[in-house]
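Have a look at the structure below before the remarks.
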Amino acid sequence: MLQNDLASFDAILQQVLQQGIDFLKTIDQRPTSAPHTVSLVAELEKEGQGTLAVLAEFNQRFDPLIVASSGPRSWGFVTGGATPASIAGDWLAGVYDQNPQSIQGQGDLSALIEVETIQLLLSLFDLPDTLTGGFVTGATMSNFTTLAVARQWAGQQQGRDIAKEGVGSGVKVLSATPHSSAVKSLSMLGLGSQNFIKVNALSGNREAINVTDLEEKIQSLNSEPFILISSGGTVNTVDFDDLEAISHLKKRYNFWWHIDAAFGGFAACSPHYKHLLKGWEGADSITIDCHKWLNVPYESAFFLVKKEHSILQVETFQNSNAPYLGNPLENFSYLNFLPENSRRLRALPAWFSLKAYGKKGYREIVENSIRMAQLLDAFIKESDDFELLAPTRLNNVCFTLKGEENQDKVHSFLIQLNQRGKVFMTPTVYNGKKGIRAAFVNWRTGEKDVEVAIAEMKSVLAPSA
Ligand SMILES: *Cc1c(COP(=O)(O)O)cnc(C)c1O
């Protein structure tokens, strides 16, 4: 079968190409929720069927599970789409099947593409080259990677090498509204998901850190080094910690400053919203997702860590028992710089998309998403049936059914809305109230899509109309 497939490689790729074109051309009409489930097979046949036969089986059995998650009305979870250039890069990454690690010597040097892509991203976000980074599968892994280096730093401050000796206890972590994935990272890192010290958020419907409370909590640590996880865009209400104020604290206190800017970092692409990130260049590490607002296919995110911490980073991720470290930046390999050893050429979709659309293209994507959020926001503000749970600060609209008496209907409203398959949103709880979140990050979303969504919302409430 393999030899048959090799002989019909052209036909296979042509058919897959056509299927891809058909899918992308009709993505607007594809449902955003799978209409039904399928039964799964446990036994692998002895004889293979060859790719084209398998493609037919796939289309028959699994095609109904494939939803328009990269279409214009998939607004749950901050779900990004995929630009044409990013799909080109993604396909080629599979075709080329490189394993980017080293940037010098012999063999595969595709890691140079990753290094260049990180430089282009620094340029897109107007961040200094005192930072360097690499690609991982998502913001969760980016938080994990950077917090692992932060943990190594905290150990170093106490005269310990945690990578070698194990975690022990006594690494202090502070945060106000950490993303669930940062908390998950604390658990994966052995720091303990319950062990972070909760700093108050600002009062008045805010998720951003209360800097006065932060400073009091810092002082009560009596100069003990700690890790601060700050938010560059929370998922519910896209609130930003006052990064400028934190950058001033950094001059007076000894801490590792991490910013989770998974999607909020893209505010830097627009002169209208860039101020939200003022001061972020002073962070020790930053997390940014590419499969959200950069609109490249899953799995794509990157981390940034200050170059001055590269020794700590290599101590954390070195893939050798008795390494000669040398200068980790001169003798650079991603193998010693991040969790995975073998990886796909994950930077390529981002590289294609960055080059294809440039700073202007990304500014337009970001500003368009925010405009679409504002359209939904305006509808909700005027509606008798819905109300905002928080002001729409950027690209997420966090709302609920109006009236305390309708709180127990929020769940079934959302189930019905999603089931109709025209638009997809996700549930949330905010300030103790059940709510719904619509996140706008997809480059395809236009005014018509917001109109469709509003019509759907109204229909669910008035099924007979
Ligand atoms: C989405 C998100 C994450 C997790 O990202 P994944 O790519 O799903 O791993 C982390 N932090 C923030 C703020 C996010 O929005």
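Residues take their numbers from the sequence shown, with the count starting at 1. Whatever order the structure lists them in is the order used to number ligands and atoms, beginning at 1.
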Would a distance-only check, ignoring hydrogens and angles, find a side-chain to backbone donor-acceptor pair under 3.5 Å from Asp260 to Ser231?
no
Report all N/O contacts between ligand 1 and the protein shorter than 3.5 Å as a table of atom names and distances to 0.1 Å; if there are none, say 'none'.
unit_1   : atom_1 : unit_2 : atom_2 : d
ligand 1 : 5 (O)  : Asp289 : OD2    : 3.2
ligand 1 : 7 (O)  : Ala139 : N      : 2.9
ligand 1 : 7 (O)  : Asp289 : OD1    : 3.2
ligand 1 : 7 (O)  : Asp289 : OD2    : 2.7
ligand 1 : 7 (O)  : His291 : NE2    : 2.7
ligand 1 : 9 (O)  : Ala139 : N      : 3.3
ligand 1 : 9 (O)  : Thr140 : N      : 2.8
ligand 1 : 9 (O)  : Thr140 : OG1    : 2.5
ligand 1 : 11 (N) : His179 : ND1    : 3.3
ligand 1 : 11 (N) : Asp260 : OD1    : 3.2
ligand 1 : 11 (N) : Asp260 : OD2    : 2.7
ligand 1 : 15 (O) : Lys292 : NZ     : 2.8

Side-chain donor/acceptor of Asp289 to backbone N/O of Gly138, under 3.5 Å
no
Atom pair CG/OG1 of Asn236 and Thr428 - distance to nearest 0.5 Å:
3.5 Å
Flag this pair as yes if the NZ/CZ of Arg343 is under 6.0 angstrom from the six-membered ring centre of Tyr334 and inside a 45 degree cone about the axis; otherwise no.
yes
Centroid-to-centroid, Tyr273 to Phe266, below 6.0 Å?
no
Rounded to the nearest 0.5 Å, what separation is found between the OG1 atom of Thr140 and the CD atom of Glu299?
11.0 Å
